[in-house]
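Here is the structure we will look at.
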Amino acid sequence: MSSTVGVRISVNGEVREHEVEPRLLLVHYLRDRLGLTGTHVGCDTTNCGACTVHLNGEAVKSCTVFAVQADGAEVTTIEGMADGAELHPLQEAFWKNHGLQCGYCTPGMIMAAADLLQRNPDPSESEVRHGLEGNLCRCTGYQNIVRAVMEAAHSPQRTTVGPPPPEKPEAREEVGKGVGA
Amino acid sequence: MIPPEFEYTAPESVDEALQALTQGGEDAKLLAGGHSLIPLMKMRLAAPSLLVDMRKLSDLRGIERANGGFRIGALTTHAQVSQASELGVAAHAAGKIADQQVRNRGTIGGSLAHGDSASDMPAVLLAAEGSVVARGPNGEREIAATEFFQDFFETALADDEMITEVRLPAMDGWKFAYEKFTRRAEDWAMVGVCAMVRGDFEDVRVAFTNMGGTPIRASAVEEALRGQGRGAIEQAAQAAAEGTDPPGDLNATADYKRHLARVLTRRALEKAAAA
């Protein structure tokens, strides 16, 4: 086995520290090490977007990021979106508009939509459709997903993504560690 | 899919990264955004023994205007390039790469170093007559786009070199469009066309994505249009596929790609002319 590397990652505002194999993908770190199974593995090939989380505030496909690349970073998953019992406006809008059927793509859709609304707070329907190009849904035909995102965009209680993390963690990984070991 | 094992380091400086790359030998690879390399590793088409992660090399991020052109740090993401409208056609094309999540991670240097002729930035670099700056153990050199792309996934970059910067001339007075055709929204281009027109067709540049092992300039179309006008586009675009030998693949036969090249050349030139 290759040598492990220490990572310190703020996940949904909580700093987590682990020794990981360099090849561990971020999605597996979140699901298997942290038990945050809201982030799904769909295609595992950077296509479907089911594994979308935010890395330093931007949507990324966590099946195509190594956990070590997130050392020192802030990660937000679907579990970090609600504020206690109060759903995030996007979650609320997906629920109200029936923006899901089987629900498999939903966490990724919501995380991608949150990135979209940060970039473009008042998108047109076409901008929503293009903005969600990286997320596939095989049930809904997208109609209600687009409707939900449009509604969330105009929701009065719309906030930024999740609760603000307390502080940016110091990266733990040391220079040269792991080389030739 | 779990990639094969590898050793990992994330150096703090370009010099340390180059040293690690050299010491790691021929199976060591640089890791930028990882959106070309990680999929290859998951498919076990690449199995580097060491990854030298560039994420702490913050000097390699950002865009500045210098000496009549732009210097784009190798680690600047496609999303950042797409938002820098002063870059013209590069910004426009970067906004059409894959999807937002991929643009948030993928970098301009990583994409060019990968040398995939189906990716979008190589044709843009060629049409804009840009270059890359590569640093290695023997110092720095600038490699023109015409020299950089050599064949499928082959570039002029040596194993122990790193792209640190991408240089694009300021294309003031040029109008442009990048058109690509995909089966699904986020796919690689079956064919892509980068078209640039200066003034009233005083100069014209056209370059193709995925019409061969490297990006290709459509010189027949350029010559047919130079000094002409919009009315000549339709006729000139007919010459688009001349001299090309595109590889057929799952999505498109060679003939279909030639057809797409003609259609997309016309569309891209018309859009550029009307811009």
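Every heavy atom of this structure was used, including side-chain atoms; hydrogens, water molecules and symmetry mates were not. Below, read A as the first sequence line, B as the second, and so on, with proteins coming before strands; counting in each chain starts at 1. Source: prediction; values computed, not measured.
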Is there side-chain contact between A:Thr64 and B:Val102, with heavy atoms separated by less than 4.5 Å?
no
If you count heavy-atom pairs within less than 4.5 Å of chain A, which of B:Leu31, B:Val52, B:Leu51, B:Asp187 leads?
B:Leu31
What's the separation between atom CD in A:Gln69 and atom CE in B:Met54, rounded to the nearest 0.5 Å?
12.0 Å
Against chain A, label B:Ala98 side chain, backbone, both or neither, depending on which of its atoms sit under 4.5 Å from a heavy atom there.
backbone
Cut-off 4.5 Å, heavy atoms of chain B, and the answer for A:Val41 is neither
Give the member of A:Asn47, A:Leu132, A:Thr52, A:Val65 that has the highest number of heavy-atom pairs under 4.5 Å with chain B.
A:Asn47
Counting only heavy atoms not in B:Met43 (residues, nucleotides, ligands), do more than 12 fall under 6.0 Å from its CE?
no
Give a yes or no on whether the backbone of A:Val68 and the side-chain of B:Arg55 come within a donor-acceptor separation of less than 3.5 Å.
yes
Given side-chain contact (heavy atoms from CB on, under 4.5 Å), test A:Thr45 with B:Met1 step by step and report yes or no.
CA-CA 9 Å; A:Thr45 55; B:Met1 292 172 289; 3.6 Å; yes
Distance check, rounded to the nearest 0.5 Å: A:Arg23 atom CZ versus B:Lys42 atom NZ?
13.0 Å
Neighbours of chain B found in residues 139-150 of chain A - heavy atoms under 4.5 Å
none
Sub-4.5 Å side-chain heavy-atom contact between A:Ser3 and B:Glu7:
yes
Rounded to the nearest 0.5 Å, how far apart are CG of A:Leu25 and CE of B:Met41?
9.0 Å
Where on B:Gln83 is there a heavy atom nearer than 4.5 Å to chain A: the side chain, the backbone, both, or neither?
side chain
Side chain from CB out, backbone as N, CA, C, O: work out which of these in A:Leu55 comes under 4.5 Å of a heavy atom of chain B, or both, or neither.
side chain
Gap between atom CD1 of B:Ile2 and atom CG of A:Leu24 - 0.5 Å precision:
8.5 Å
Which atoms form the tightest heavy-atom contact between A:Thr46 and B:Glu186, and what is the distance?
O-OE1, 4.5 Å
Taking the side chain as everything from C-beta on, heavy atoms only, tell me whether A:Asp115 gets closer than 4.5 Å to B:Asn104.
yes
Under the rule for side chain to side chain contact (heavy atoms under 4.5 Å, CB included), what residues qualify as partners of B:Asp15, not counting sequence neighbours?
B:Ser13, B:Arg135
Roughly how far, to the nearest 0.5 Å, is CG of B:Asp99 from CG of A:Leu136?
9.0 Å
Does B:Lys175 have more than 12 heavy atoms from other residues, nucleotides or ligands lying within 6.0 Å of its NZ?
yes
Could you state the interatomic distance from CD (A:Glu58) to CZ (B:Arg105), rounded to the nearest 0.5 Å?
9.0 Å
